[in-house]
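In what follows, a single structure is set out as structure tokens and then discussed.
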Amino acid sequence: MKEFHCGSLVPGCDWHTRHPEEAEVMRRAVEHMRETHGESTIRETMVEAIRSRIETKRDAA
Ligand SMILES: [Zn+2]
């Protein structure tokens with residue numbers, strides 16, 4: 001399971017998402033940046049910043 005917490009990138013934001021596929025987590029995170037934080041242009045540096053903050057969680061036992 002991959003997990004991304006927006007607060008690790010945008011202090012104070014409590015939005016987070018999780019999905020088994022990193023690509024889906026990336027897609028949702030980019031969408032969230034656009035819709036919530038007004039990032040109309042998602043630069044490669046932003047993509048890298050998100051990717052570096054995606055955590056891998058063990059599936060619940
Ligand atoms: Zn956010």
Side-chain angles (χ1 to χ4, degrees):
M1 190 64 79
K2 303 291 183 179
E3 202 169 303
F4 172 69
H5 290 259
C6 188
S8 65
L9 187 59
V10 183
C13 182
D14 64 0
W15 183 89
H16 64 276
T17 190
R18 58 194 312 218
H19 192 274
E21 298 295 329
E22 185 182 86
E24 177 63 12
V25 173
M26 281 299 306
R27 195 191 65 75
R28 292 179 185 181
V30 166
E31 191 176 274
H32 169 76
M33 288 297 161
R34 283 205 186 98
E35 293 182 354
T36 304
H37 299 300
E39 296 283 349
S40 54
T41 303
I42 305 296
R43 294 188 179 81
E44 188 61 27
T45 50
M46 173 69 75
V47 171
E48 286 305 317
I50 294 168
R51 184 175 289 128
S52 69
R53 288 169 173 79
I54 292 176
E55 300 168 57
T56 301
K57 300 283 186 185
R58 246 180 236 263
D59 292 338

From CE (Met1) to NE2 (His19), nearest 0.5 Å: 8.0 Å
- prompt: So how far is it from His16 NE2 to Glu55 CD, rounded to the nearest 0.5 Å?
  reply: 11.0 Å
- request: Would you check if the side chain of Thr36 reaches a backbone N or O of Met33 as a donor-acceptor pair within less than 3.5 Å?
  value: no
query: What pairs meet the ring pair (Phe, Tyr, Trp, His ring centres under 6.0 Å) rule with one or both residues in residues 34-59, with sequence neighbours excluded?
result: His32-His37
- prompt: Side-chain contact, heavy-atom cut-off 4.5 Å: Trp15 with Val10?
  reply: no
Side-chain donor-acceptor pairs of residues 23-30 under 3.5 Å, sequence neighbours excluded:
unit_1: Glu24; atom_1: OE1; unit_2: Arg27; atom_2: NE; d: 3.1
unit_1: Glu24; atom_1: OE2; unit_2: Arg27; atom_2: NH2; d: 3.0
unit_1: Glu24; atom_1: OE2; unit_2: Arg28; atom_2: NE; d: 2.9
unit_1: Arg27; atom_1: NH1; unit_2: Glu31; atom_2: OE1; d: 3.3
unit_1: Arg28; atom_1: NH1; unit_2: Thr17; atom_2: OG1; d: 3.2
unit_1: Arg28; atom_1: NH1; unit_2: Arg18; atom_2: O; d: 3.3

Using distance only, find each side-chain donor-acceptor pair of residues 38-52 under 3.5 Å and give its atom names and separation, not counting sequence neighbours.
unit_1: Glu48; atom_1: OE2; unit_2: Arg51; atom_2: NH1; d: 2.8
unit_1: Ser52; atom_1: OG; unit_2: Glu48; atom_2: O; d: 3.3
unit_1: Ser52; atom_1: OG; unit_2: Ala49; atom_2: O; d: 3.0

